[in-house]
Every structure is written in structure tokens, then in C-alpha cells.
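Here the structure comes first, spelled out in C-alpha cells, and everything after it is commentary.
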Amino acid sequence: PYFKDYLPAFEEAYSRSYGRLLDLNLALMGVLCEALGLRRETRLASELGCEKSSPVGRLIGLCHAVGATTFYEGASGKEYIDDSEFARSG
């Protein structure tokens, strides 16, 4: 029932030309966040300079780069995330 309320924002986002799929995704996330009243800063991992040799090391580096003190991962993360690496890194 609310589709008509949000259609103009989606049409505007889809009407622009994007060089990368990422740019379209960011625009659509912006539309959704605005509709939901969410205020957030978006930071791209590629902008944070966290090139580590292991996937877990990269996650730890990203957490440190943004000042995170807690990291939440879904159930699939238990397959590869070693909690002790996070503990050792602070």
C-alpha cells in the first residue's frame, strides 16, 4: 500500500547512470535508509586501507579502522573466524 510513496525516490535512483554496480547499490541503500529514517555514515572497506594476508586479519583491521569494539557475525562465520585472533588484537 505504500509503494506509491517511495516510487519517485526509486525511479530517481534508477534513472541515473552508474559506472559501477556498487554505486547503484549505494544509491538504493540511501533510498531505503531515508525511507526508514536511518541516519548512518557509509564507509567502504576499500577506502580504509586494511589489506591483510588473512580474511580474519582483514576483518580485525576494518574493526580497528572504524573504532569498533564489538564484531557480530552470522552463524556461517563460525566456520572460519577464530575468536582468539580477535581477542589477541584487542
Side-chain angles (χ1 to χ4, degrees):
Y2 299 102
F3 182 74
K4 66 180 179 342
D5 296 335
Y6 301 103
L7 180 60
F10 282 103
E11 287 178 329
E12 194 277 324
Y14 279 115
S15 71
R16 289 187 248 143
S17 177
Y18 300 96
R20 304 173 300 176
L21 181 58
L22 167 68
D23 299 322
L24 170 61
N25 286 339
L26 291 171
L28 293 175
M29 284 192 319
V31 169
L32 291 171
C33 286
E34 181 68 28
L36 295 170
L38 302 175
R39 305 286 179 253
R40 87 293 180 249
E41 177 184 358
T42 300
R43 311 259 320 258
L44 301 179
S46 60
E47 298 172 344
L48 298 175
C50 297
E51 302 302 323
K52 301 290 182 183
S53 59
S54 74
V56 175
R58 184 169 188 264
L59 289 174
I60 292 169
L62 291 170
C63 288
H64 284 244
V66 298
T69 57
T70 305
F71 177 78
Y72 294 101
E73 177 59 48
S76 63
K78 294 195 182 302
E79 300 292 322
Y80 72 95
I81 292 181
D82 180 359
D83 291 339
S84 65
E85 285 188 61
F86 275 90
R88 284 192 305 273
S89 74

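Counting from 1, the numbers follow the sequence of the chain as shown. None of the values given here were measured: they were computed from a predicted structure.
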Minimal non-hydrogen separation, [X] against [Y], with atom names:
X     : Y     : answer
Ser54 : Glu85 : OG-OE1, 4.4 Å
Ala27 : Arg16 : CB-NH1, 4.1 Å
Ile81 : Leu59 : CD1-CD1, 3.9 Å
Pro8  : Asp5  : CD-O, 4.0 Å
His64 : Ser89 : CE1-O, 3.1 Å

Answer yes if [X] and [Y] sit in the same cluster of Ile, Leu, Val, Met, Phe, Trp and Tyr residues linked by side chain heavy atoms under 4.5 Å apart, and no otherwise.
X     : Y     : result
Leu28 : Tyr2  : yes
Tyr18 : Tyr14 : yes
Met29 : Leu22 : yes
Phe10 : Leu21 : yes

In this structure, CD1 of Ile60 is separated from CZ of Arg88 (nearest 0.5 Å) by 8.0 Å
Would you indicate whether the side-chain heavy atoms of Val31 and Tyr6 approach each other to under 4.5 Å?
-> no
Mind checking whether Leu62 and Phe71 have side chains closer than 4.5 Å, heavy atoms only?
-> no
Quick one: do Arg39 and Glu34 make a salt bridge, cutoff under 4.0 Å?
-> yes
